[in-house]
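First comes the structure, then the notes that go with it.
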Amino acid sequence: MCARSRARRRLRVGTAEPAPTILLAHGAAPGCAAILPEMRLSQLFFTTLRDDPSDAEMPSHRLLVRAGYVRQLGSGIYSLLPLGFRVTQRVEQVIREEMDRIGSQEMEMPVVHPAEVWKESGRYFKIGPELVRFKDRAERDMVLAMTHEEVVALLLRDIVRSYRQLPMMVYHFQTKFRDEPRARGGLIRVREFVMKDAYSCDRDDAGLDRSYRLQYEAYERIFRRLGLNAIAVGADVGIMGGTGAHEFMVINDFGEDTLVLCDACGYADNQQIAVVGKPEPAPEAILPVEDVETPGATTIDALARYLDVPRSRTAKAAFFMAGDGRFVVAIVRGDYDVNETKLVNTIKARGGLRPATVEEITARGMEAGYGSPIGARDAVVVVDELAARSPNLVAGANRVGWHVRNVNVPRDYAPDHVAEITSAREGDPCPRCGGPVKLRQGIEVGNIFKLGTDFSVAFGSTYLGEDGQAHPIVMGSYGIGLGRNVACIVEAHHDEKGIVWPDEVAPYAAHLVTISGARDPRVAEVADRLHQVAADAGREILYDDRDESPGVKLTDAELLGMPWIVTISPRSLAAGGAELTRRATGARSTVPIEQLEGWLRDGFEVRAPA
RNA sequence: CGGGGUGUGGCGUAGUUGGUAACGCACGUGCUUUGGGAGCACGAGAUCGUGGGUUCGAGUCCCACCACCCCGACCA
């Protein structure tokens, strides 16, 4: 994957810049007119499919495969066919322009890293099998890069000496490999993908705030230009540290993240970190504990039904094993769910959490289905603050078939932590304005992250300040996955007939279709001339010169989704020119050939017709 | 990693109680056709995911494995 070759072939469709000379990759003489076979559908390396591929569910997946933009090679591994590659380049170019605009410098860093680099930051040991490790021929440990914080930190250590060299931002487009446990959704969650990752390098937190703000604003411009309605939500910073993060999310039912949103005031957070309002429990006298037989009541629902109490009068226990070997009991009220992200952050669980097994639970004196921290051994007990101040709850007795009434903290058991560890629910009070929040699924199309000094401290990446002292460089990192953005654009811009590319990212500005071209020489003649005019002007349009029936060609044009469809036929010529169709609206008009030629020569005037 | 599902020409599928693979689309050739996935004729293309087993005989039954999809776990 070579960013340079991608950059060299920046697209010029629909722009007003002059046609540059295009160099052929295999060494054609400079200045020689480029042959672009992919402009002719008869030569384009692609095929359309009449049927949906059986393994595709999301519209973007179905359409991108059916229209010949991408092909799957393995689970979460895709080839970009020429059309898909062009779209990706268009997306890349939008991002590049906005990165350049905020003064970020494009570079390129390697995909394969010596493992020592990742050992030095500690991530080699913290990250699980998602990080691909292998040995080279000399038995050296190597990794496939998931991101490039380490490399940037190393470069900073080598290059930056003085505060005068800061602030500084760099970015690159590079292939990442993450051995995800499960790829899904076509291009939405893949294992190999190209990502724009940018890194800001500042003298201090105030500088980081400025860089972060610049990236934030650039992201808003990028997603607007890409035709994506992305909203920024507050996000988890993880246990890696970091002082703030936002994820840019597109609402989508197939999304993997849950967002907590408030229509009234615009509040938006990832459910992982959202803290919403909770009703204060009514005060009541603390009652003595009392065993109660509850045969078969192993779930909160069953328990509440059996005892005929609301779920809010019960305590729910969830058991986890932390990656660092600690056993964790989390207690929330029965009407809430445990939020694992908050739990991880509360106990600073290295390596995350996984559900505990029944054996692990009983080994610590508890009983799955009838569990509570009462009598627990060797366990970290974390109680949700609301559960902690809710009086007289029904909790497990750690005995099969029995619960305990009137359990109260701290009388009946001692928590190691009392913290807010529940997930926000639909309709809960907005933390900002108190209105009801709503929950929506979202796809993360970009993220921005205040890294702080973790990496620069680990690598000794310091600069000499005005005070003559060494200070760690304050870093930020900012990612956008290209393929996922392409998929999200299709998710947002398609209809029952196919893709409807926004002008900014369409692989070609226009799709020229001939009807009866083989039979009527005038049709082919006019179309060939239009195509040539466009090519001479450096404006690449797609030319369907295939000898196919009108139905096939028009259907394919709609499936492929170029913003403008230009139809030349004996009928259109008789009507005075070409038929111009706006793909998004279906609006049609007849345009004289000379006028079309002018548009193709001088740039497509997207507002004038239709 | 747990649960569910699917593997049969390029794509989508059929295949009965086990008897030597069928259909649509796509593809090639010829003729006809040409504004909404054309028609006719001829043709090419499949060791039925892999390995083993049962059987006179396996796409079909049994076992193991692999791949892919979906749900969950997971996702600095």
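What you are looking at is a predicted structure, and each value in this text was computed from that prediction instead of being measured. A note on names: the letters A, B, ... follow the listed sequences, proteins ahead of strands, and every chain is numbered from 1.
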Whole-Å C1' distance, B:rG59 and B:rA76: 47 Å

Contacts of A:His61 that satisfy side-chain hydrogen bond (donor to acceptor under 3.5 Å, both in side chains) - sequence neighbours left out: A:Tyr78

B:rU60 pairs with, by Watson-Crick or G-U criteria that keep both distances under 3.5 Å: none

Output yes when A:Glu579 and A:Arg588 qualify as a salt bridge under the 4.0 Å nitrogen-oxygen rule, no when they do not. yes

Within less than 4.0 Å of OP1 or OP2 of B:rA67, is there a side-chain N or O belonging to A:Ser75? no

Non-neighbouring partners of A:Arg522 that pass side-chain contact (heavy atoms from CB on, under 4.5 Å), sequence neighbours left out: A:Asp520, A:Leu573

Between the side-chain atoms of A:Arg354 and the base atoms of B:rA73, is any donor-acceptor pair under 3.5 Å? no

Hits for side-chain contact (heavy atoms from CB on, under 4.5 Å) against A:Glu525, two or more places apart or cross-chain, chain-then-number order -> A:Arg529

Nearest listed nucleotide, side chain of A:Asp51, among B:rU13, B:rG35, B:rG24: B:rG24

Check the interface with nucleotides 21-23 of chain B: list each N/O to N/O pair with the protein under 3.5 Å, or write none.
none

Taken in chain and number order and not counting sequence neighbours, the residues that satisfy side-chain hydrogen bond (donor to acceptor under 3.5 Å, both in side chains) with A:Arg354 are A:Glu360

Give one of base, sugar-phosphate or nothing for A:Arg184, where a contact means two heavy atoms less than 4.0 Å apart. base

Sequence neighbours excluded, the answer for side-chain hydrogen bond (donor to acceptor under 3.5 Å, both in side chains) partners of A:Glu256 is A:Arg184, A:Arg189

Please determine, for the side chain of A:Glu180, which listed nucleotide (B:rA73, B:rC75, B:rC68) has the closest atom? B:rC75

Under the rule for side-chain hydrogen bond (donor to acceptor under 3.5 Å, both in side chains), what residues qualify as partners of A:Thr453, not counting sequence neighbours? none

Please identify each residue that fulfils side-chain contact (heavy atoms from CB on, under 4.5 Å) with A:Asp547, with sequence neighbours left out. A:Ala518

Give one of base, sugar-phosphate or nothing for A:Gly185, where a contact means two heavy atoms less than 4.0 Å apart. sugar-phosphate

Just how far, in rounded Å, is C1' of B:rC70 from CZ of A:Arg189? 15 Å

Any strand: nucleotide that pairs with B:rC42 via Watson-Crick or wobble, under 3.5 Å: B:rG28

Whether each nucleotide of nucleotides 1-6 of chain B has a protein heavy atom under 4.0 Å at its base (B), only at its sugar-phosphate (S) or at neither (-) is summarised, 5' to 3', as ------

Per-nucleotide protein contact string for nucleotides 36-43 of chain B (B base, S sugar-phosphate only, - none; heavy atom under 4.0 Å): BBS-----

Using atom P in both nucleotides, what's the gap between B:rG30 and B:rC68 to the nearest angstrom? 42 Å

Which nucleotide, if any, forms a Watson-Crick or G-U wobble pair with B:rC1, using both distances under 3.5 Å? B:rG72

Kindly write out the residues that satisfy ring-ring contact (aromatic ring centres under 6.0 Å, His included) with A:His172, not counting sequence neighbours, or none if the list is empty. A:His148

Rounded to the nearest 0.5 Å, what separation is found between the OH atom of A:Tyr478 and the OH atom of A:Tyr212? 7.5 Å

Contacts of A:Thr88 meeting side-chain contact (heavy atoms from CB on, under 4.5 Å) (sequence neighbours excluded), chain-then-number -> A:Leu80, A:Leu482, A:Val486

